[in-house]
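Convention: sequence-line order gives letters A, B, ...; per-chain numbering from 1.
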Number of protein chains: 2
Amino acid sequence: MTSANTTPTVTESAPAVRADIVEAATRVFSEHGYDGASMAQIAAEVGMRKPSLYHHVRKKEDLLFAIHGQLIDELTLETRQAIDAAADPAAQLAASLRVAMTFVSRNRDAVTVFLQENRAVRGERWDEVVGKRDAYERMVQEILSNGAATGAFVNIPPKIASKAILAMANWGYTWFNPDGPMSADEVADIFARIALTGLSKP
Amino acid sequence: MTSANTTPTVTESAPAVRADIVEAATRVFSEHGYDGASMAQIAAEVGMRKPSLYHHVRKKEDLLFAIHGQLIDELTLETRQAIDAAADPAAQLAASLRVAMTFVSRNRDAVTVFLQENRAVRGERWDEVVGKRDAYERMVQEILSNGAATGAFVNIPPKIASKAILAMANWGYTWFNPDGPMSADEVADIFARIALTGLSKP
DNA sequence: CCTACCGATCGGTAGG
DNA sequence: CCTACCGATCGGTAGG
């Protein structure tokens, strides 16, 4: 309605609209669940009607797919960098927990969808996402097996120990409050201390 | 349609039918999610049509309520007994993890519903269930604060440490396989070892 | 416990 | 001819 944009860009704001829709879907899926959310609600969040949404998205499932894909890519990248920057397995474990907890803190809705709405995550197109999830878990397992190899860690099956580590961070989506008394880093450091030296007094 | 039942019982098999319905609902909710599950599916699982289900259940939500209530009551009772039978905080922590992991193993569907379908858990009638969930968590917190008081445990905020402990057991519903290579008790003992003495070599 | 339905709302698509 | 939408309605299914 304002003066026309005379720049020669072709697709103008199309990609931004798509990103807005995925963000809206993240909020709506997080609040109502994938099945409980309606395309009309998501459309309303970005200021359009439902049929207009279908000009940007082919199916409801496409939105869930986008949320999962973005999350695992970002989390994997940040975790990879943190691990590579850390000196030894203990520091790598602590760094991974810091990344995971701050990620949960910054992206609560997306993490909620990622961890809670995976019933629809089936079929061919989802294989890639599932593969990336497995690869993320393997990064943590490798920290543990490296630690055992260098003698820094005790000999505990990495596959089971990684479940304990990831559980601490993942479970945060059910209770962690970014506006609460402790920061994500502070919580992560406590979890790292529990994982590394335990609760028993030496 | 067969010969009439002449026994003078009034409600006949009503309680058993009700239990069958709740069990069927547990399976169907676990597989499809609360919103994704239909009353017709649950009815079919117990061999009736949807309208007949409403002779035993007033609302879909009643089934979710029954599942949550049963689970938290049973888990609380078993955990209370295990804690009371253990000699010291370290043994109590290990015993709690054993109860939690075996519970997850024995009641995978119910635990999945309990942990994943709590969006509908709101409003007056749910206050009792939420209160019982809090009470369960407080049992674990007390083990940790008792351990800190007696000098057995290091000084870590019990509210945060309890999140780490409960996370390990709760997260099991996403991966633990009762038919897998390790038993629930074996996994619980590894988790207890991580929680008590950590992964780092002394 | 059944068949026959209801008001509403679902995901998705028609023509314009 | 394009884009970005609209009002209306599609076939099915939800809880009741």
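Salt bridge A:Arg119/B:Asp35: absent, no basic N to carboxylate O contact under 4.0 Å. Using a 4.0 Å cut-off between charged side-chain N and carboxylate O, A:Glu128 and A:Lys132 make a salt bridge.
A tilted orientation is assigned to the rings of A:Phe114 and A:His68, their planes being inclined by 30° to 60°.
Summarising the local packing, NE2 of B:His55 is surrounded by 12 or fewer heavy atoms from other residues, nucleotides or ligands at distances under 6.0 Å.
Residue A:His55 has no polar side-chain atom (N or O) positioned under 4.0 Å from OP1 or OP2 of D:dC6.
A donor-acceptor pair under 3.5 Å is absent between the side-chain atoms of B:Arg98 and the main chain of B:Asp189, judged by distance alone. Judged by distance alone, the side chain of B:Arg108 and the main-chain N or O of B:Ser30 form no donor-acceptor pair under 3.5 Å.
In this structure the side chain of A:Ile160 never reaches within 4.5 angstrom of the side chain of B:Glu186, judged on heavy atoms.
C:dA8 and D:dG12 are spaced 13 Å apart, taking the C1' atom of each and rounding to whole Å.
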- [ ] Would you check, one step at a time, whether the test side-chain contact (heavy atoms from CB on, under 4.5 Å) holds for A:Ile165 with A:Ser96?
- [x] CA-CA 9 Å; A:Ile165 304 299; A:Ser96 300; over 6 Å; no
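Atom CZ in A:Arg49 sits roughly 16 Å away from atom P in D:dT9 (whole-Å rounding). Atoms CG (B:Leu63) and P (D:dG15) sit 11 Å apart, rounded to a whole Å.
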Under 3.5 Å, which protein N or O atoms sit close to an N or O of nucleotides 10-13 of chain C? Give each pair with its distance.
unit_1: C:dG11; atom_1: OP1; unit_2: A:Ala37; atom_2: O; d: 2.7
unit_1: C:dG11; atom_1: OP1; unit_2: A:Lys60; atom_2: NZ; d: 2.5
unit_1: C:dG11; atom_1: OP2; unit_2: A:Met39; atom_2: N; d: 3.1
unit_1: C:dG11; atom_1: N7; unit_2: A:Lys50; atom_2: NZ; d: 2.9
unit_1: C:dG11; atom_1: O6; unit_2: A:Lys50; atom_2: NZ; d: 3.4
unit_1: C:dG12; atom_1: OP2; unit_2: A:Tyr54; atom_2: OH; d: 3.1
unit_1: C:dG12; atom_1: OP2; unit_2: A:Lys60; atom_2: N; d: 2.9
unit_1: C:dG12; atom_1: N7; unit_2: A:Lys50; atom_2: NZ; d: 3.4
unit_1: C:dG12; atom_1: O6; unit_2: A:Lys50; atom_2: NZ; d: 2.7

TODO: Convert the base pairs of DNA chain C into dot-bracket notation, remembering that pairs crossing earlier ones are written with [ ] and that bases paired across to another strand are shown as |; include only Watson-Crick or G-U pairs under 3.5 Å.
DONE: ....||....|...||
